[in-house]
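I am attaching a structure below and will ask some questions about it afterwards.
Just so you know, these numbers come straight off a predicted model, no measurement behind them. Reminder, nothing fancy here: chain letters follow the sequence lines and each chain counts from 1.
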There are 2 protein chains.
Amino acid sequence: MPHHILKDHDHNQCISSALRSAEDICLQRGIKLTQIRRQVLEIIWQGHQPSTAYDILDCLSQQQNKKVAPPTVYRALDFLLDNGLIHRLESMNAYIGCDAPTTPHQSCFLICSHCRSVAELHDMPIYAALAEEVRQEGFKAKGIMIEVKGVCADCVEQGQSA
Amino acid sequence: MPHHILKDHDHNQCISSALRSAEDICLQRGIKLTQIRRQVLEIIWQGHQPSTAYDILDCLSQQQNKKVAPPTVYRALDFLLDNGLIHRLESMNAYIGCDAPTTPHQSCFLICSHCRSVAELHDMPIYAALAEEVRQEGFKAKGIMIEVKGVCADCVEQGQSA
DNA sequence: TATAGTAGGTTACTATATAACATTTTGTGA
DNA sequence: TCACAAAATGTTATATAGTAACCTACTATA
């Protein structure tokens with residue numbers, strides 16, 4: 001786990017706050033954060049590293065002490081994605097908890113190839129500019145994905161370069 | 001196939017010019033555009049729609065009149081990717097010919113969810129801005145992926161909206 | 001309490017990609 | 001021109017990612 005995650009925040013609190021937030025949202029919207037959905041969300045929040053569907057599957061199977069099948073996980077993921085509680089990282093087929101599920105936003109992900117941590121940047125100025133450039137092409141954008149691979153500040157600091 | 005692709009250019013010429021360009025590049029760099037690599041590149045250039053690895057596999061098998069195995073295709077794809085002759089669309093696990101293989105560039109892809117065409121925009125001003133914002137986070141970027149899903153100009157013109 | 005809608009279970013399958021090792025081809029120097 | 005190393009391809013098996021289809025169970029409310 002990257003250094004700043006140990007250093008800068010209490011990750012247990014981070015998880016529980018994410019779960020509380022999800023509960024609030026579901027309550028507000030009249031949708032249900034069922035046991036499975038909650039478990040999947042919690043598993044995803046275990047790290048700031050992204051989880052693959054099959055990581056989650058294994059973890060869930062362990063927790064339930066019986067084999068869980070893929071559709072169970074994918075349904076939960078679909079629910080969480082649809083409701084903006086998690087994001088999908090297209091370039092790595094993996095899922096990560098959303099920082100700010102209560103407010104709609106555009107995200108840019110910084111993916112560290114050394115420690116695998118992922119940082120989410122919100123509503124960067126360039127989004128508007130990009131949307132405008134795309135609009136000028138006559139293209140009607142529905143979704144913009146920006147993912148940056150590289151080395152995070154902590155890893156750079158520790159002399160990593162890959 | 002989207003309207004403008006039929007209307008705006010001779011696609012056969014488009015393919016042959018891509019192949020010629022690839023040959024030049026390989027010659028220059030002292031790398032080899034073997035039969036298989038050439039075939040794969042040609043298959044990818046068949047359309048401005050992206051091809052999946054298994055589309056290519058099937059097509060190659062047909063051309064060779066015998067079953068070709070996945071590694072054959074993936075190796076060719078790796079070669080073409082490494083040498084900037086094609087791009088990978090992360091959000092759809094598919095491959096598309098590069099517009100400008102001779103010059104290094106950053107690309108942004110506009111993916112039409114109606115006609116499946118993909119347009120490649122180069123070195124948009126926002127790239128520099130994005131790179132700078134990312135740098136300010138202390139993040140050392142190695143690769144930036146920008147993919148936009150939506151509806152292309154032609155499809156919008158024809159009243160499509162999905 | 002019938003019943004429609006939602007969620008989850010189960011089986012089987014499709015799609016995407018890679019590991020590991022064998023064989024063939026190609027380029028190079030003796 | 002032969003030997004040999006490197007590069008490319010062939011082959012088999014397997015890993016990883018995601019979905020279809022159908023069934024069962026729960027749950028909310030008319």
Would you say B:Gln13 has more than 12 foreign heavy atoms packed within less than 6.0 Å of its CD?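 Not buried by this count: 12 neighbours or fewer within 6.0 Å.
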Gap between atoms CD and C1', on B:Gln39 and D:dA8 respectively (whole Å):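 That distance rounds to 14 Å.
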Rounded interatomic separation in angstrom, taking CZ from A:Arg29 and C1' from C:dT6: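 Rounded to whole Å, this separation is 18 Å.
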Given atom CE of A:Met92 and atom P of D:dA17, what is their separation to the nearest angstrom?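 Nearest whole value for this atom pair: 10 Å.
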Between CG on residue A:Leu130 and CG on residue B:Leu121, distance to nearest 0.5 Å: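 Output value for this atom pair is 8.5 Å.
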Nucleotides 9-15 of chain D: which of its N/O atoms have a protein N/O under 3.5 Å away?
residue, atom, partner, partner atom, Å
D:dT9, OP1, B:Thr34, OG1, 2.6
D:dG10, OP2, B:Thr72, OG1, 3.4
D:dG10, N7, B:Arg75, NH1, 2.8
D:dG10, O6, B:Arg75, NH2, 2.4

Counting any heavy atom closer than 4.0 Å, what does A:Tyr95 reach on the DNA or RNA strands: base, sugar-phosphate only, or nothing?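 Touches sugar-phosphate only.
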Give a yes or no on whether A:Ile86 and A:Ile56 share a hydrophobic cluster (residues Ile, Leu, Val, Met, Phe, Trp, Tyr; joining criterion: side-chain heavy atoms under 4.5 Å apart).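 Shared cluster, yes.
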Under a 3.5 Å cut-off for both contacts, is D:dA28 paired Watson-Crick or G-U wobble with anything, and if yes, with which nucleotide?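 The base-pairing partner of D:dA28, which may sit in any strand shown, is C:dT3.
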Hey, does the side chain of B:His87 reach the backbone of B:Gly97 with a donor-acceptor pair shorter than 3.5 angstrom?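 Judged by distance alone, no pair lies under 3.5 Å.
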Whether the side chain of A:Glu147 engages the backbone of A:Leu89 through a donor-acceptor N/O pair (distance < 3.5 Å, no angle test) should be reported.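 Checked: no pair found.
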Separation of D:dA17 P from A:Ile56 CD1 (nearest whole Å):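 Going from A:Ile56 (CD1) to D:dA17 (P), I get 11 Å.
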Over how many whole Å does the gap from A:Tyr74 atom OH to C:dT16 atom C1' extend?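 Result: 11 Å.
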ILVMFWY network linking B:Tyr74 to A:Met92, side-chain heavy atoms under 4.5 angstrom: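 Unlinked, B:Tyr74 and A:Met92 end up in two clusters.
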Considering residues, nucleotides and ligands other than A:Gln64, do more than 12 of their heavy atoms fall under 6.0 Å from its CD?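 For A:Gln64, atom CD is crowded (more than 12 foreign heavy atoms under 6.0 Å).
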Just the rounded figure in Å: distance from C1' of D:dA17 to CG of A:Asp55.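 Nearest whole value for this atom pair: 12 Å.
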With stacking defined as ring centroids separated by under 5.5 Å and planes differing by under 30°, is B:Tyr54 stacked against C:dT16?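 B:Tyr54 vs C:dT16: stacking yes.
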In whole angstrom, give the distance that lies between atom CG of A:Leu77 and atom C1' of C:dA7.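 Roughly 15 Å, once rounded to whole Å.
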Nearest-Å distance for atom pair NZ/P, residues B:Lys32 and D:dA6: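 In whole Å, D:dA6 P and B:Lys32 NZ are 13 Å from each other.
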